[in-house]
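Below is one structure, written out as structure tokens; comments come after it.
Numbered from 1 within each chain, the chains take letters A, B, ... in sequence-line order.
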2 protein chains.
Amino acid sequence: MGKQTTEMLKGTLEGIVLAILAVSPAYGYEITARLREEGFSDIAEGTVYALLVRIEQRGLVDVEKVPSEKGPPRKVYTINAQGGAYLEEFWGTWSFLAERIEQLHQRIEQRTNEEGE
Amino acid sequence: MGKQTTEMLKGTLEGIVLAILAVSPAYGYEITARLREEGFSDIAEGTVYALLVRIEQRGLVDVEKVPSEKGPPRKVYTINAQGGAYLEEFWGTWSFLAERIEQLHQRIEQRTNEEGE
DNA sequence: TTCTGCTATTCAGTGTTGCTATCTACCGGT
DNA sequence: ACCGGTAGATAGCAACACTGAATAGCAGAA
């Protein structure tokens with residue numbers, strides 16, 4: 001994965017994971033798998049587990065231990081009210097940023113085209 | 001500024017500044033001002049200067065000292081070929097991320113609406 | 001002159017975050 | 001008994017944005 005991607009994920013990965021949990025509860029290993037399905041192919045497992053610990057400590061998710069047929073018990077994470085509020089805020093922040101950047105992008109594309117004419 | 005915004009800026013602010021420089025060369029103080037105009041109202045000056053040092057050391061910009069009528073000489077930054085390439089990559093990375101997140105967002109909005117019906 | 005205010009840059013220290021690498025642990029099949 | 005897949009935890013590292021303060025030059029007011 002590019003270094004740019006890594007840095008850009010900072011601050012967004014948390015929201016992405018919460019968004020995934022908003023679709024349906026999941027445990028760490030599963031979340032990693034879903035991330036890969038979503039196209040985030042190279043997110044390290046360690047990263048996800050560390051992130052889950054963080055959002056649990058902040059009280060954004062509820063946790064339940066569920067025995068697994070295969071391997072050790074799973075920690076299933078469910079987004080709660082506080083997490084929902086945080087996610088709402090996340091979308092707001094994201095939209096703000098995305099709009100400004102999109103504007104900049106378009107302004108430059110325009111400039112580049114004008115130069116070419 | 002919200003903590004979410006701060007974290008989200010990581011990895012994007014660099015691209016944003018390069019994008020601003022792609023529109024036209026500028027010096028630090030001016031860049032801060034432009035950022036505020038663009039809507040990034042609370043970015044600290046110290047942050048911008050530190051970032052400029054970084055991109056200069058990576059050779060993404062050319063620097064020229066220009067005397068100022070007011071205050072100390074200005075360091076005018078111009079984006080160069082390498083910086084242009086980096087910026088191209090930035091747009092790619094950004095588009096990738098923005099698409100995935102937008103997808104997730106829409107999936108959740110949809111789900112929420114279905115629930116309400 | 002001295003002080004204040006604006007322009008302009010620099011720097012040390014801090015906190016958050018994602019990555020790497022490694023470790024533990026449980027289970028089924030060979 | 002061993003290995004591969006499932007599942008989770010952790011220590012150390014690097015990158016980045018923020019805070020707060022210091023430095024520096026010049027103009028006009030007190």
Side-chain angles (χ1 to χ4, degrees), chain A residues 1-18 25-36 40-58 60-61 63-77 86 90 93 97, chain B residues 1-18 25-36 40-58 60-61 63-77 86 90 93 97:
Chain A
M1 202 169 37
K3 224 194 73 186
Q4 278 191 354
T5 312
T6 293
E7 288 306 322
M8 251 183 237
L9 278 177
K10 290 188 183 179
T12 52
L13 187 55
E14 221 172 82
I16 292 169
V17 168
L18 281 174
Y27 54 97
Y29 197 78
E30 193 185 358
I31 292 169
T32 309
R34 283 207 210 160
L35 283 169
R36 297 198 200 289
F40 304 102
S41 46
D42 290 313
I43 290 180
E45 274 182 39
T47 300
V48 175
Y49 287 116
L51 190 155
L52 288 172
V53 168
R54 279 204 303 275
I55 62 177
E56 181 187 353
Q57 281 174 348
R58 283 198 219 143
L60 306 178
V61 287
V63 186
E64 193 192 359
K65 276 216 168 170
V66 176
S68 163
E69 316 96 38
K70 292 208 158 200
R74 298 164 173 171
K75 282 177 77 176
V76 175
Y77 294 84
Y86 183 92
F90 173 79
T93 309
L97 189 63
Chain B
M1 202 168 39
K3 223 195 73 186
Q4 279 191 353
T5 312
T6 293
E7 289 307 321
M8 247 184 240
L9 278 176
K10 290 189 182 179
T12 52
L13 187 55
E14 221 172 80
I16 292 169
V17 168
L18 281 174
Y27 53 97
Y29 197 79
E30 193 184 359
I31 292 170
T32 308
R34 284 208 208 158
L35 282 170
R36 297 199 200 288
F40 303 102
S41 46
D42 290 313
I43 290 180
E45 274 181 36
T47 300
V48 176
Y49 285 113
L51 189 154
L52 288 172
V53 168
R54 278 202 306 273
I55 61 177
E56 181 186 354
Q57 280 175 348
R58 284 197 219 142
L60 306 178
V61 288
V63 186
E64 193 192 358
K65 275 217 170 170
V66 177
S68 163
E69 317 97 38
K70 293 208 158 200
R74 297 165 173 169
K75 284 176 76 175
V76 175
Y77 294 84
Y86 184 92
F90 173 79
T93 308
L97 190 62

Sequence neighbours excluded and cut-off under 3.5 Å, please list the side-chain donor-acceptor pairs for residues 44-55 of chain B, or say none.
{"from": "Y49(B)", "atom 1": "OH", "to": "Y29(B)", "atom 2": "N", "distance (Å)": "3.3"}

Search all heavy atoms of P72(A) against all heavy atoms of S68(A) and return the closest pair with its distance. O-CB, 3.6 Å
Just to be sure I follow the notation: if a pair is Watson-Crick (purine N1 to pyrimidine N3 plus N6-O4 or O6-N4) or a G-U wobble (N1-O2 and O6-N3), each under 3.5 Å, what dot-bracket string does DNA chain D give, with | for pairs to another strand? ||||||||||||||||||||||||||||||
Give me, pair by pair, the N or O atoms of the protein and of nucleotides 14-17 of chain C that are less than 3.5 Å apart, along with how far apart they are.
{"from": "dG15(C)", "atom 1": "N2", "to": "K10(B)", "atom 2": "NZ", "distance (Å)": "3.2"}
{"from": "dT16(C)", "atom 1": "O2", "to": "K10(B)", "atom 2": "NZ", "distance (Å)": "2.6"}
{"from": "dT17(C)", "atom 1": "OP1", "to": "E14(A)", "atom 2": "OE2", "distance (Å)": "3.3"}
{"from": "dT17(C)", "atom 1": "OP1", "to": "R58(A)", "atom 2": "NH2", "distance (Å)": "3.0"}
{"from": "dT17(C)", "atom 1": "OP2", "to": "R54(A)", "atom 2": "NE", "distance (Å)": "3.3"}
{"from": "dT17(C)", "atom 1": "OP2", "to": "R58(A)", "atom 2": "NH2", "distance (Å)": "3.0"}
{"from": "dT17(C)", "atom 1": "O2", "to": "K10(A)", "atom 2": "NZ", "distance (Å)": "3.1"}

Is a donor on one side and an acceptor on the other found under 3.5 Å between the side chain of Q4(A) and the backbone of F90(B)? yes
Minimal heavy-atom distance between I43(A) and T32(A), with the atoms involved, is O-CG2, 4.1 Å
Taking all non-hydrogen atoms of both residues, which atom of S41(B) and which atom of R36(B) are closest, and how far apart? O-NH1, 2.7 Å
Give the minimum heavy-atom separation between Y27(B) and Y77(B), together with the two atoms involved. CA-CD1, 4.4 Å
Could you tell me which residues satisfy salt bridge (charged side-chain N to carboxylate O under 4.0 Å, His left out) with R34(B), sequence neighbours excluded, listed by chain and number? E30(B)
Least distance between heavy atoms, L18(B) atom then Y86(B) atom: CD1-CD2, 3.4 Å
At a heavy-atom distance below 4.0 Å, which nucleotide of DNA chain D is the first touched by chain B, and which is the last? dC16(D) to dC26(D)
Is there any protein nitrogen or oxygen under 3.5 Å from a nitrogen or oxygen in nucleotides 6-12 of chain C, and what are the pairs?
{"from": "dT7(C)", "atom 1": "OP2", "to": "Y29(B)", "atom 2": "OH", "distance (Å)": "3.1"}
{"from": "dA8(C)", "atom 1": "OP1", "to": "S68(B)", "atom 2": "OG", "distance (Å)": "3.3"}
{"from": "dA8(C)", "atom 1": "OP1", "to": "R74(B)", "atom 2": "NE", "distance (Å)": "2.3"}
{"from": "dA8(C)", "atom 1": "OP1", "to": "R74(B)", "atom 2": "NH2", "distance (Å)": "2.2"}
{"from": "dA8(C)", "atom 1": "OP2", "to": "Y27(B)", "atom 2": "OH", "distance (Å)": "3.0"}
{"from": "dT9(C)", "atom 1": "OP1", "to": "K75(B)", "atom 2": "N", "distance (Å)": "2.6"}
{"from": "dT9(C)", "atom 1": "OP2", "to": "G28(B)", "atom 2": "N", "distance (Å)": "3.3"}
{"from": "dT9(C)", "atom 1": "OP2", "to": "Y29(B)", "atom 2": "N", "distance (Å)": "2.8"}
{"from": "dT9(C)", "atom 1": "OP2", "to": "Y49(B)", "atom 2": "OH", "distance (Å)": "2.8"}
{"from": "dT10(C)", "atom 1": "OP1", "to": "K75(B)", "atom 2": "NZ", "distance (Å)": "3.3"}

Sub-4.5 Å side-chain heavy-atom contact between E7(A) and E14(B): no
Shortest non-hydrogen contact from I16(A) toward F40(A): CD1-CZ, 3.8 Å
Out of curiosity, M8(B) CE to L97(A) CG, how far, rounded to the nearest 0.5 Å? 7.0 Å
